[in-house]
Amino acid sequence: MALSGEQRAVLDLLLGRGLDLDRIAQLTRVPVADVRARAHGALAAIGDADPGEDVAALLLGHATPDAQRRARAALAADPVARERAARIAQTLQVGWPGYVAPDLPEPGVDADGGRAPAPRPGSRTWTWALVGGAVVAAVLVVLAATGRLAGGDDAERAAGPDPAATPAPVLIALRAPGATTDAGRATIGSTVRFEPYLDLELDDLPAAPRGRVFLLWADTGEGRGFPLPVGVEDAGGQGRFARRYDLPPALAPVLGRSRAIELLAADAGRLSRLQREVERLGDGSTSAAAFPRRPGTVVLRGVVPR
């Protein structure tokens, strides 16, 4: 399951903040059809297969009465589709505690019945990969939409991207504190549409200590920064680790003001508090002092070249 930053953001606004599709479209300046496509695409990623438009709408709570009837009939007739829908609902319940799963029909039963199974206990690392990323991405969307994070005026933003102005990728060598040799690399780049990405390569990173979870962090100075909405909880104990992450476009200003990229071993119990601190950025100041404090110890660090 790999959700894009845009998919996470839409799910968090839809399920975490209780906004409807029209309000999300207004807030993010994205057409309603695209918002719906991102939300439904997220469910397809979670379920490893497209659940279908009607079932996706049922799971997300915006199905019309006719769509609800079609979805329930399809689930009742197809045990595999019903199991997939239940699994998606489980994931949403774990990721967004306020989410209420719809009653799903048992196979072969036309009437409503059989609530989706209770969510399986998940590790905090797995939950952070889904929930933390969603919170971060959603806050970035809100900050960008309200103009408190991104620079420029509306006319400049409406002009669209200038391919000639696309910056060259930035290579950041990552080292353990006090080490003299590189233990990994982070490359931050942007497509011609100014869609940022991050390539992360790590060499022989040990598994995270017990009770800790790996977290990628943009250091903005004075012990503060911003968690990057990427899942690195499985980066340790694999030998060589290499992965590309698509980043939310609204993250570009944060990366631009970052002094370093860090891989942290964060206290798993600290993540809920970190989420609340990140969420507060969507409602208040985005000055350097408002950013959260580093929530763990530095495992690897690389200074962003200027």
Inset, instruction - Before giving the answer on side-chain contact (heavy atoms from CB on, under 4.5 Å), spell out for Leu11 and Ile46 the whole-Å C-alpha distance, their side-chain angles and the decisive distance to 0.1 Å. - result: CA-CA 12 Å; Leu11 286 186; Ile46 292 171; 4.3 Å; yes

Inset, instruction - Before giving the answer on side-chain contact (heavy atoms from CB on, under 4.5 Å), spell out for Leu13 and Val35 the whole-Å C-alpha distance, their side-chain angles and the decisive distance to 0.1 Å. - result: CA-CA 11 Å; Leu13 292 171; Val35 174; over 6 Å; no

Legend entry - side-chain contact (heavy atoms from CB on, under 4.5 Å) between Leu205 and Phe241, intermediate numbers included: CA-CA 8 Å; Leu205 180 71; Phe241 176 88; over 6 Å; no

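Between Leu264 and the choices Arg294, Arg212, Arg301, the side-chain contact (heavy atoms from CB on, under 4.5 Å) rule is met once, by Arg294. Applying side-chain contact (heavy atoms from CB on, under 4.5 Å) to Pro177 and the options Val298, Val299, Thr297 leaves one that passes, Val298.
In terms of heavy atoms, Pro227 sits closest to Leu215 at CB-CD1, 4.2 Å. Across all non-hydrogen atoms, the minimal contact from Pro102 to Tyr99 is CD-OH, 3.4 Å. Scanning all heavy atoms of the two residues, the minimum distance from Asp182 to Ala173 falls at OD2-CB, 3.6 Å. In terms of heavy-atom proximity, Ala183 sits nearest to Leu300 at CB-CD2, 3.7 Å. The shortest heavy-atom contact between Leu174 and Gly302 is CD2-N, 3.6 Å. In this structure, Leu75 and Ala85 approach most closely via the heavy-atom pair CD2-CB, 4.0 Å.
Side-chain heavy atoms closer than 4.5 Å link hydrophobic residues (I, L, V, M, F, W, Y) into clusters, and following such links, even through other members, never connects Val303 to Trp217. Connection of Leu43 to Val32 is established within a shared hydrophobic cluster, with ILVMFWY side chains joined at heavy-atom distances below 4.5 Å, either directly or through further cluster members.
The structure places CG of Leu19 at 9.5 Å from CG of Asp12, a figure rounded to the nearest 0.5 Å. Going from atom CD1 of Ile172 over to atom OG of Ser258 covers 8.5 Å, rounded to the nearest 0.5 Å. Here CG of Asp219 is found 7.0 Å from CZ of Arg259. Values are rounded to the nearest 0.5 Å. A distance of 9.5 Å separates CD1 of Ile88 from CD of Glu83, quoted to the nearest 0.5 Å. Here CG of Leu15 is found 6.0 Å from CG of Leu60. Values are rounded to the nearest 0.5 Å. Here the CG atom belonging to Leu200 is positioned 5.5 Å from the OH atom belonging to Tyr245, to the nearest 0.5 angstrom.
Ion pairing between a basic and an acidic side chain is recognised when a charged N comes within 4.0 Å of a carboxylate O; Arg72 and Asp103 show no such pairing.
When atom types are taken as modelled, the side chain of Glu201 and the backbone of Arg185 share no donor-acceptor pair closer than 3.5 angstrom. Proximity of a side-chain donor or acceptor of Arg82 to a complementary backbone N or O of Pro105 within less than 3.5 Å is detected. Proximity of a side-chain donor or acceptor of Asp50 to a complementary backbone N or O of Gly52 within less than 3.5 Å is detected.
Note on residues 20-50: pairs passing ring-ring contact (aromatic ring centres under 6.0 Å, His included), not counting sequence neighbours, are His40-His62. Sequence neighbours left out, not one pair with a member in residues 10-33 passes ring-ring contact (aromatic ring centres under 6.0 Å, His included). Residue pairs meeting the salt bridge (charged side-chain N to carboxylate O under 4.0 Å, His left out) criterion with at least one partner in residues 32-45, sequence neighbours excluded, are Glu6-Arg38.
Defined by atom type and a distance below 3.5 Å, a donor-acceptor pair is present between the side-chain atoms of Arg23 and Gln26.
Using a 4.5 Å cut-off on side-chain heavy atoms (C-beta onward), Ile24 and Val30 make no contact. Taking the side chain as every heavy atom from C-beta outward, Leu198 and Leu216 approach each other to under 4.5 Å. By the 4.5 Å heavy-atom criterion applied to side chains, Arg70 and Leu58 are not counted as neighbours.
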